[in-house]
Amino acid sequence: MTDAVALPLAWAVSPESVDSPDAWELLREYYTEVADRYYALHEDRRATPEEIAEGLAQYPDVHLAPPHGVLLVARHGGAAAGCAGVRLLDERTAELKQVFVRARHRGRGGADALLTAAESAAARMGAERIRLDTRLDLVEAIAFYRRHGFAEIPPYHDDIYAEIFFEKRLSR
């Protein structure tokens, strides 16, 4: 008789259309989570369905399509578990957008897999650096980006929800 050994489920990351059902659901969950955290911090409540719909319309994901962008979907054991977007800001600069891993899949390497794939996608598009913005209350994201070599930079746009900006040089 042999003892069964549980092996960790593998992550697979691949490009996917923002219009696919899995991508749409992941992007909606991402926006709902960040909106809920914002409203909890500033107004002691969750976002309403109307605010979620308004926010999704205000920040469309059409820029995450080839040839100047990509949406990456991470699957864990075959199930859609996370996403990350990359878009070119100019010929040498990419921007990281909507990095998200569903709560039940966190702590298993999904964010690392998404970031690695996003950096590779940005380099394939010709970028020499990748930038991002986030909010100060998203402390897990800030720690994650710093841990992965991103350095704080001055603001590169004026979105009212962007409070801290980062950049990382990409290896070619």
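As the structure is a computational prediction, the values presented were derived from the model and not from experiment.
The two residues A118 and I130 come nearest to each other via the heavy atoms O-CD1, 4.4 Å. For the pair H76 and A81, the tightest heavy-atom approach, listed with the atom from each and the gap, is CB-CB, 4.0 Å. Here the closest non-hydrogen pair linking A122 and V86 is CB-CG1, 3.9 Å. In this structure, A111 and V101 approach most closely via the heavy-atom pair N-CG2, 3.8 Å. Nearest heavy atom pair, residue A123 against residue L170, reads N-CD1, 4.0 Å. Closest non-hydrogen pair, G55 versus Y31, comes out as CA-OH, 3.1 Å.
Applying the salt bridge (charged side-chain N to carboxylate O under 4.0 Å, His left out) test to pairs two or more places apart or on separate chains, those with a residue in residues 48-69 are R45-E51. For residues 137-146, every residue pair satisfying the salt bridge (charged side-chain N to carboxylate O under 4.0 Å, His left out) rule, not counting sequence neighbours, is listed here: R37-E140, R135-D137, R146-E152.
Separation of atoms CZ (R108) and CZ (R106) is listed at 11.5 Å; rounding is to 0.5 Å. Note that CZ of R87 and NE2 of H68 are 12.5 Å apart. Values are rounded to the nearest 0.5 Å. With rounding to the nearest 0.5 Å, the separation of CE in M125 from CD in E91 is 13.5 Å.
Aromatic ring orientation, Y145 versus F166: tilted (interplanar angle from 30° to 60°).
Counting non-hydrogen atoms of neighbouring residues, nucleotides and ligands closer than 6.0 angstrom, the CZ atom of R129 exceeds 12 such neighbours. Atom CG of D44 is surrounded by 12 or fewer heavy atoms from other residues, nucleotides or ligands within 6.0 Å.
A salt bridge is absent between R131 and E95: the closest approach of a Lys/Arg side-chain nitrogen to an acidic carboxylate oxygen does not fall below 4.0 angstrom.
Panel note: side chain S20, backbone S17; a donor-acceptor pair is recorded below 3.5 Å. At least one donor-acceptor pair closer than 3.5 Å links the side chain of K168 to the backbone N or O of H148. The backbone N or O of D112 lies less than 3.5 Å from no partner atom in the side chain of W11, so there is not a single donor-acceptor pair.
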Query raised in the report: Do F100 and R102 pass the side chain to side chain contact (heavy atoms under 4.5 Å, CB included) test, and can you show the C-alpha distance, the side-chain angles, and the key distance before you say yes or no?
Result: CA-CA 7 Å; F100 173 73; R102 287 179 163 150; 3.8 Å; yes
Requested in this report: Starting from the C-alpha separation in whole Å, work towards a yes-or-no answer on side chain to side chain contact (heavy atoms under 4.5 Å, CB included) for T32 and D36.
Outcome: CA-CA 6 Å; T32 300; D36 280 348; 3.7 Å; yes
Report task. Would you check, one step at a time, whether the test side chain to side chain contact (heavy atoms under 4.5 Å, CB included) holds for D133 with K97? Result -> CA-CA 8 Å; D133 66 73; K97 304 295 292 178; 4.1 Å; yes
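Cluster partners of Y156, using a side-chain heavy-atom cutoff of under 4.5 Å among ILVMFWY residues and allowing indirect links, are L89, I153, F165.
Side-chain heavy atoms closer than 4.5 Å link hydrophobic residues (I, L, V, M, F, W, Y) into clusters, and following such links, possibly through other members, connects I160 to V34. Both L136 and F144 belong to a single network of hydrophobic side chains, linked directly or stepwise wherever heavy atoms of I, L, V, M, F, W or Y lie under 4.5 Å apart. When hydrophobic clusters are built by joining Ile, Leu, Val, Met, Phe, Trp and Tyr residues whose side-chain heavy atoms come closer than 4.5 Å, directly or via intermediates, Y30 is grouped together with Y161.
Looking at heavy atoms from C-beta onward, S14 lies out of side-chain contact with L72 at the 4.5 angstrom threshold.
Tested against L96 for a side chain to side chain contact (heavy atoms under 4.5 Å, CB included), the candidates T134, L114, L132 yield a single pass: L132.
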Show me the donor-acceptor pairs, under 3.5 Å and distance only, between side chains in residues 21-28 and residues at least two apart or in other chains.
| from | atom 1 | to | atom 2 | distance (Å) |
| --- | --- | --- | --- | --- |
| D22 | OD2 | R75 | NH1 | 3.0 |
| D22 | OD2 | R75 | NH2 | 3.0 |

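Applying the ring-ring contact (aromatic ring centres under 6.0 Å, His included) criterion to H63, with sequence neighbours excluded, gives no partner residue. Applying the side-chain hydrogen bond (donor to acceptor under 3.5 Å, both in side chains) criterion to R92, with sequence neighbours excluded, gives no partner residue.
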